[in-house]
2 protein chains.
Amino acid sequence: MEFKEAKEQFLQTWGALGSQWGINKTMAQIHALLMISPDSLSMEEIMEELQISRGNASMNLRGLIDWGIVYKEYKPGERREYFKADQDVDSLARKIAIERSKREIQPTLRVLEDVRNFDENTSKEAQKFKQKTQELYDFVSRADTMLEKITNQKENWVTKTIMKLMT
Amino acid sequence: MEFKEAKEQFLQTWGALGSQWGINKTMAQIHALLMISPDSLSMEEIMEELQISRGNASMNLRGLIDWGIVYKEYKPGERREYFKADQDVDSLARKIAIERSKREIQPTLRVLEDVRNFDENTSKEAQKFKQKTQELYDFVSRADTMLEKITNQKENWVTKTIMKLMT
DNA sequence: AAAAACTTTCATATATTATTGAAACTTTAA
DNA sequence: TTAAAGTTTCAATAATATATGAAAGTTTTT
């Protein structure tokens, strides 16, 4: 396999993984491209490399910046903006975990809480519903706490966690 | 809020959460519906409750059975098949984690491994690429190991893990 | 063996999501 | 102040993922 080919396959695979986990393909690809680039890239270069339109590049770069995992860089004497990715894989994963918790898990918890306060109703269905939504609430909220504990370790959190779990 | 309304909102929210995490909405909803139903449900009942077609119900039920989180149940003297969900939230989450690892994480690891074996090339780009794909490989594989360790505990794995992390 | 009761399949339709590209906007330099 | 260089927005379009429903397939009952 040639380098160019390997790079291509990596970008494709990473994009596919992204979409399976609710991150849009292009966003995942731009991020992957920036990760493996020794130098920061301009929007033009990104468009060229991934064969995407200006609008698409612009929107997804903004998304990545919102997630806090890509930065703008201004080169002295240059008008154009350059983009670079957070280089530390651990910190990247930590940021994603924190953001997804904030954006998705916590809103879900709020709904699960809400939904148990329906008007008195003693039917079998209602009882079961109360019970299961409570169980789900407990589970999700414990999982969220766990994620928080794991990611609160500043460095090498995955490794540290495995160590602790070795018992 | 009335019970019916609460139930409705729960099914909607759970469906939305599913799609954000790469599980199709209907599949998530059928599962949620079965979770909160005191009795197992026939396909007709599911179609009725979620307002979906027979084909849709059939395919997604099969998907859920493939994931190992929904079972068919035959009632004595009845022709029709009934469906029920795994009732234990912990075991549910464990099964999902195991399946997603098998279906998505492990194939990705294989590609990451492959992709580093490109023909000799000492360019700066190629060096950086080797380095980052290696880092990603290490991270993903450690994360997968961690997930495995966590979910290998048969019961209450989230709680147990939090305990261990309390240091 | 054929009708009845039910399930599955799959080509087509629909809905959702992502992408494009041209116009509008912003900033800098001449 | 206006042209040039660059960025953002967003309505239109394309691509993708999901859902439908009728036909084909099963299994059971008569």
Side-chain angles (χ1 to χ4, degrees), chain A residues 11-34 40-67 70-84 100 103-104, chain B residues 11-34 40-67 70-84 100 103-104:
Chain A
L11 293 174
Q12 284 311 119
T13 306
W14 207 251
L17 189 70
S19 20
Q20 274 160 340
W21 290 85
I23 288 154
N24 110 17
K25 189 182 109 190
T26 306
M27 196 182 280
Q29 286 185 337
I30 294 179
H31 181 263
L33 176 62
L34 291 174
S40 54
L41 301 176
S42 68
M43 200 182 289
E44 294 288 343
E45 290 167 316
I46 293 168
M47 285 162 59
E48 166 63 23
E49 185 93 40
L50 299 175
Q51 293 292 304
I52 58 172
S53 72
R54 187 173 296 287
N56 198 6
S58 171
M59 283 167 81
N60 285 111
L61 278 166
R62 183 137 65 82
L64 287 164
I65 290 168
D66 288 347
W67 279 84
V70 162
Y71 312 103
K72 281 189 182 178
E73 212 176 44
Y74 298 93
K75 297 198 178 180
E78 283 231 51
R79 177 65 181 290
R80 188 176 301 194
E81 297 175 323
Y82 286 81
F83 300 89
K84 64 184 273 237
R100 291 202 80 155
R103 296 184 192 196
E104 296 152 14
Chain B
L11 293 174
Q12 283 312 117
T13 306
W14 207 248
L17 188 70
S19 23
Q20 274 160 340
W21 290 85
I23 288 155
N24 109 19
K25 189 182 108 189
T26 306
M27 196 183 282
Q29 285 185 338
I30 293 179
H31 182 264
L33 175 62
L34 291 174
S40 53
L41 300 178
S42 67
M43 199 182 289
E44 294 289 341
E45 289 168 317
I46 294 168
M47 286 162 59
E48 167 61 26
E49 186 92 40
L50 299 175
Q51 292 292 305
I52 58 173
S53 73
R54 188 172 294 287
N56 197 6
S58 172
M59 285 170 73
N60 284 111
L61 278 166
R62 182 136 67 83
L64 288 165
I65 290 169
D66 289 347
W67 278 86
V70 161
Y71 311 103
K72 281 189 183 179
E73 211 176 45
Y74 298 93
K75 296 200 177 176
E78 282 231 50
R79 176 67 181 289
R80 189 176 300 194
E81 296 174 323
Y82 286 80
F83 300 89
K84 65 185 273 238
R100 291 202 80 157
R103 296 183 193 197
E104 296 152 13

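Hydrogens, waters and symmetry mates play no part in the numbers below; they use all other heavy atoms, side chains included. Order of the sequence lines sets the chain letters (A, B, ...), proteins ahead of strands, with each chain counted from 1.
In this structure, the side chains of B:Y82 and B:K84 stay at 4.5 Å or more apart for every pair of heavy atoms. Taking the side chain as every heavy atom from C-beta outward, A:S40 and A:K72 never approach each other to under 4.5 Å. A heavy-atom distance below 4.5 Å is found between the side chains of A:F83 and A:E81. Proximity of B:I65 to B:Y71: side-chain heavy atoms (C-beta onward) are nowhere separated by under 4.5 Å.
Partners of A:R79 according to the side-chain contact (heavy atoms from CB on, under 4.5 Å) rule, which considers only residues two or more places apart in sequence or in another chain, do not exist here. Among residues two or more places apart in sequence or in another chain, the side chain to side chain donor-acceptor pair (under 3.5 Å) test is passed with A:E104 by A:R100, B:W21. For B:R80, there are no side chain to side chain donor-acceptor pair (under 3.5 Å) partners at least two apart in sequence or on another chain. With sequence neighbours excluded, the residues that form a side-chain contact (heavy atoms from CB on, under 4.5 Å) with B:A57 are B:M43, B:M47, B:I52. Contacts of A:S42 classified as side chain to side chain donor-acceptor pair (under 3.5 Å), with partners at least two apart in sequence or in another chain: A:E45. Here B:E48 pairs with B:Q51 under the side-chain contact (heavy atoms from CB on, under 4.5 Å) rule; sequence neighbours left out. Scanning for side-chain contact (heavy atoms from CB on, under 4.5 Å) contacts around A:L64 gives A:M27, A:I30, A:H31, A:I69, A:V70, with sequence neighbours left out.
Residues from residues 45-60 of chain B placing a heavy atom under 4.0 Å of any atom in DNA chain C, listed by number, are B:R54, B:G55, B:S58, B:M59. Residues from residues 19-26 of chain B with heavy atoms under 4.0 angstrom of DNA chain D, sorted by number: B:N24, B:T26. For the segment residues 72-81 of chain A, the set of residues with a heavy atom within less than 4.0 Å of an atom of DNA chain D comprises A:K72, A:R79, A:R80, A:E81, in numerical order.
First and last contacts of DNA chain C with chain B, using any nucleotide atom under 4.0 Å from a protein heavy atom and ordered 5' to 3', fall at C:dA5 to C:dC10.
Within the structure, the salt bridge (charged side-chain N to carboxylate O under 4.0 Å, His left out) test picks out the following pairs touching residues 53-65 of chain B (sequence neighbours left out): B:E44-B:R54.
Remark: P of D:dA5 and OH of A:Y82 are 14 Å apart, rounded to the nearest angstrom.
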